[in-house]
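Beneath this line is the structure, given in structure tokens, with notes to follow.
Given the structure is predicted, the values throughout are model-derived calculations rather than measurements.
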Amino acid sequence: LDERWCWWGFCLRGGVVDRYRGLTAGSGRVFERARRCMAGGVHHNIRFFEPYPLVAVRGRGAYLWDVDGNRFTDYWMGHMALILGHSPEPVVAAVREQLEAGTHLGTVTLQSIELVERVCRLVPCAEMVRLCNTGAEATMYAVRLARGFTGRRVVVKVEGGWHGYSDTLLKAATAPFNMAESLGMVGEALRYVRTVRFNDLEGTLRVLREVGSDLAAMVLEPVLGGAGAVPADREYLKAVQEEVERLGGLLIFDEIISGFRVALGGAQEYFGIKPDLCTLGKILGGGFPIGAVCGRRDVLELASPDKAKGERVWIGGGTFSGNPISMVAGRALLDFLEAHREEVYGRLAEMGDRARRAIDRALADVGVRARSTGVGSLLLTHFLVEGQEEIREKRDAARADREAQHLYYLALMADHQIFFLPGHTGAISYAHTPKDIEALVEASAEAGRVVKAQRDERG
Ligand SMILES: Cc1ncc(COP(=O)(O)O)c(C=O)c1O
């Protein structure tokens with residue numbers, strides 16, 4: 001038995017896991033059905049957690065209901081995509097109308113132009129936009145555009161950076177970083193992807209210079225989602241931008257999480273740094289599938305179908321690109337965000353700051369050292385190990401006590417009906433209220449006691 005199993009054996013003897021099983025027995029039964037016809041019972045690996053995931057049936061506002069009829073306050077918010085909560089009224093109204101007017105028109109639509117015009121208005125680097133259906137596609141296209149534009153091969157990415165499941169960037173996303181992420185990937189393709197540590201300016205500059213004249217692009221999330229929405233140092237971003245430009249490569253911000261989240265114009269607005277290209281997804285679709293690659297006109301123009309073979313960069317969208325449902329949902333959402341900009345982002349930032357600070361204090365008060373990371377409405381609580389003070393990159397997050405973290409999030413679910421996807425960055429939405437945050441803080445103190453008791457028992 002490995003250590004992990006011993007730990008689970010320990011938990012399984014009772015306590016939180018029993019309470020979770022008691023509360024969610026229906027999910028347990030339904031998940032068995034899922035396992036019979038779906039690998040691991042899921043369609044996205046991160047949705048699985050021990051002992052089994054909640055099976056959800058409905059969402060509204062700040063809440064998620066499971067098959068047992070339990071109502072959870074939801075801080076996962078559909079992979080952080082739902083900034084106004086589940087099914088906000090303006091989005092529902094727009095989608096309802098579009099359902100009658102055609103779900104998929106398969107040609108140029110007014111709806112897609114209207115969405116893209118808004119993106120160009122709100123996102124600083126977006127002179128042009130190509131839409132697709134997922135974030136993974138968008139980052140894959142951004143890399144191809146950069147390689148096509150520069151005529152170079154190498155892309156530099158950050159350790160712990162998650163850009164989706166495509167072959168293009170699926171490297172050093174999860175610890176241990178020196179192992180291939182997946183079978184079935186051709187090593188040669190990843191030979192042209194180099195990795196650096198987030199916020200490590202010296203190391204990053206060294207690798208960029210090594211790559212030198214073969215640098216197509218540096219791609220990074222300015223707020224590193226996989227480490228708990230850890231922000232880059234502004235000086236780091238600035239220096240990286242200057243070096244990438246000096247070497248003749250392109251800077252790509254993956255803003256699939258941070259776009260419309262940390263500010264209406266995304267992290268590029270928040271940091272005041274304009275990349276050459278950026279990718280968007282999640283929030284942009286108003287709760288429906290979407291991905292987007294945006295940026296400089298001279299780069300995006302390469303995707304134009306009037307370019308001859310040999311002069312063009314072929315990138316999708318695909319069959320459902322620019323589908324009218326995602327378009328009108330995204331348009332209604334962006335319109336709401338733009339009209340209520342100060343109020344939405346002010347309130348989200350206040351709730352996020354309060355949550356991060358108060359959760360850490362509540363845990364410290366019960367004898368558990370923790371650090372909640374995040375920017376604005378994003379947050380993840382890490383349980384520090386001896387000698388650890390800060391979480392500045394994915395290595396730090398991986399080194400923290402992941403088992404305590406899992407127990408904490410399971411206790412929030414089992415004892416307080418508060419749902420975060422254990423171990424993953426959560427998101428406060430505009431549907432949450434300061435009262436929800438107070439309830440989260442109080443629940444954190446109790447969940448902290450569960451962690452403390454478990455640690456004491458383990459010795
Ligand atoms: C930063 C980032 N990039 C890309 C992706 C991939 O997006 P999608 O899951 O829509 O393919 C994600 C998804 O979580 C992400 O967080």
Side-chain angles (χ1 to χ4, degrees), residues 43-44 47 55-66 71-72 74-123 126 129-138 255-257 259-261 264 266 279-294 316-341 343-345 348 377 419 427-432:
H43 296 299
H44 191 323
R47 292 184 188 159
V55 177
V57 288
R58 192 159 80 82
R60 188 85 200 175
Y63 303 113
L64 192 69
W65 283 263
D66 69 3
R71 189 187 81 171
F72 292 83
D74 181 13
Y75 290 95
W76 174 229
M77 278 292 150
H79 297 235
M80 302 163 273
L82 306 173
I83 193 168
L84 298 184
H86 292 274
S87 298
E89 205 40 55
V91 171
V92 170
V95 168
R96 201 172 272 141
E97 196 181 319
Q98 187 60 46
L99 282 173
E100 295 295 333
T103 58
H104 181 39
L105 306 176
T107 178
V108 177
T109 61
L110 195 57
Q111 290 89 332
S112 71
I113 299 166
E114 287 176 357
L115 182 67
V116 163
E117 283 172 346
R118 282 162 173 76
V119 174
C120 292
R121 185 166 75 230
L122 300 174
V123 178
V129 179
R130 172 62 68 98
L131 294 176
C132 50
N133 294 294
T134 65
E137 284 171 89
E255 294 234 44
I256 285 161
I257 293 175
F260 312 105
R261 170 64 73 178
L264 186 54
T279 53
L280 298 168
K282 297 197 192 279
I283 289 176
L284 177 62
F288 290 82
I290 203 160
V293 49
C294 327
T319 300
F320 290 101
S321 56
N323 77 83
I325 301 292
S326 300
M327 299 301 102
V328 299
R331 186 184 63 191
L333 185 84
L334 293 190
D335 285 350
F336 185 93
L337 292 176
E338 204 176 357
H340 301 85
R341 187 179 192 147
E343 193 189 329
V344 170
Y345 291 97
L348 288 178
S377 51
F419 178 58
I428 299 166
S429 80
Y430 192 58
H432 291 93

**Asked** Between Glu137 (side chain) and Thr134 (backbone), is there a donor-acceptor pair under 3.5 Å?
**Response** yes
**Worked verdict on Thr103 versus Asn323 for side-chain contact (heavy atoms from CB on, under 4.5 Å)** = CA-CA 7 Å; Thr103 58; Asn323 77 83; over 6 Å; no
**Item:** Criterion side-chain contact (heavy atoms from CB on, under 4.5 Å) on Val116 and Met327, from CA distance to verdict
**Value:** CA-CA 9 Å; Val116 163; Met327 299 301 102; over 6 Å; no
**Request:** If a pair satisfies ring-ring contact (aromatic ring centres under 6.0 Å, His included) and one of its residues is in residues 91-118, list it, with sequence neighbours excluded.
**Result:** His104-Phe320
**Message:** Just verifying a value: how many Å separate Gln98 CD and Leu105 CG, rounded to the nearest 0.5 Å?
**Reply:** 6.0 Å
**Message:** Run the ring pair (Phe, Tyr, Trp, His ring centres under 6.0 Å) test against Tyr63 and tell me which residues pass, sequence neighbours left out.
**Reply:** none
**Request:** Starting at CG of Asn133, measure out to OG1 of Thr319 and round the result to the nearest 0.5 Å.
**Result:** 8.5 Å
**Message:** Ignoring hydrogens, what is the shortest heavy-atom contact between Gly330 and Leu115? Give both atom names and the distance.
**Reply:** C-CD1, 3.5 Å
**Item:** Distance, nearest 0.5 Å, that separates CG of Asp74 from OG of Ser429
**Value:** 8.0 Å
**Asked** Out of curiosity, Leu284 CG to Ile83 CD1, how far, rounded to the nearest 0.5 Å?
**Response** 12.0 Å
**Prompt:** Is the backbone N or O of Pro289 less than 3.5 Å from a side-chain atom of Ser326, with the two atoms forming a donor-acceptor pair by type?
**Reply:** yes
**Request:** List the steps and the verdict of side-chain contact (heavy atoms from CB on, under 4.5 Å) for Leu280 and Phe260.
**Result:** CA-CA 9 Å; Leu280 298 168; Phe260 312 105; 4.0 Å; yes
**Item:** Shortest non-hydrogen contact between Val129 and Cys120, atoms and distance
**Value:** CG2-SG, 4.0 Å
**Request:** Specify the closest pair of heavy atoms between Ala431 and Gly85, including all atoms of both residues, with the distance to one decimal.
**Result:** CB-CA, 4.0 Å
**Request:** Report the distance from atom CZ of Arg261 to atom CD1 of Ile256, rounding to the nearest 0.5 Å.
**Result:** 14.0 Å
**Asked** Could you give the distance from CD1 (Ile325) to CZ (Arg96), rounded to the nearest 0.5 Å?
**Response** 12.0 Å
**Prompt:** Within a radius of less than 6.0 Å around CD of Glu97, do more than 12 heavy atoms belonging to other residues, nucleotides or ligands occur?
**Reply:** no
**Request:** Output every pair passing ring-ring contact (aromatic ring centres under 6.0 Å, His included) with a member in residues 77-97, not counting sequence neighbours, ordered by first then second residue.
**Result:** His44-His79, Trp76-His79
**Cationic N near anionic O, under 4.0 Å, Glu338 to Arg121** = yes
**Asked** Do you know which two heavy atoms are closest between Gly322 and Ser112, and how far apart they sit?
**Response** O-CB, 4.2 Å
**Complete:** Note: Ala126 and Cys294 closest approach over all heavy atoms is CB-CB, 3.8 Å
**Item:** Test side-chain contact (heavy atoms from CB on, under 4.5 Å) applied to Leu337 and Tyr430, step by step
**Value:** CA-CA 10 Å; Leu337 292 176; Tyr430 192 58; over 6 Å; no
**Pro90 and Asp335, any side-chain heavy atoms less than 4.5 Å apart** = no
**Request:** For Gly102 and Pro324, work out which heavy atoms get closest and say how close.
**Result:** O-CG, 3.7 Å
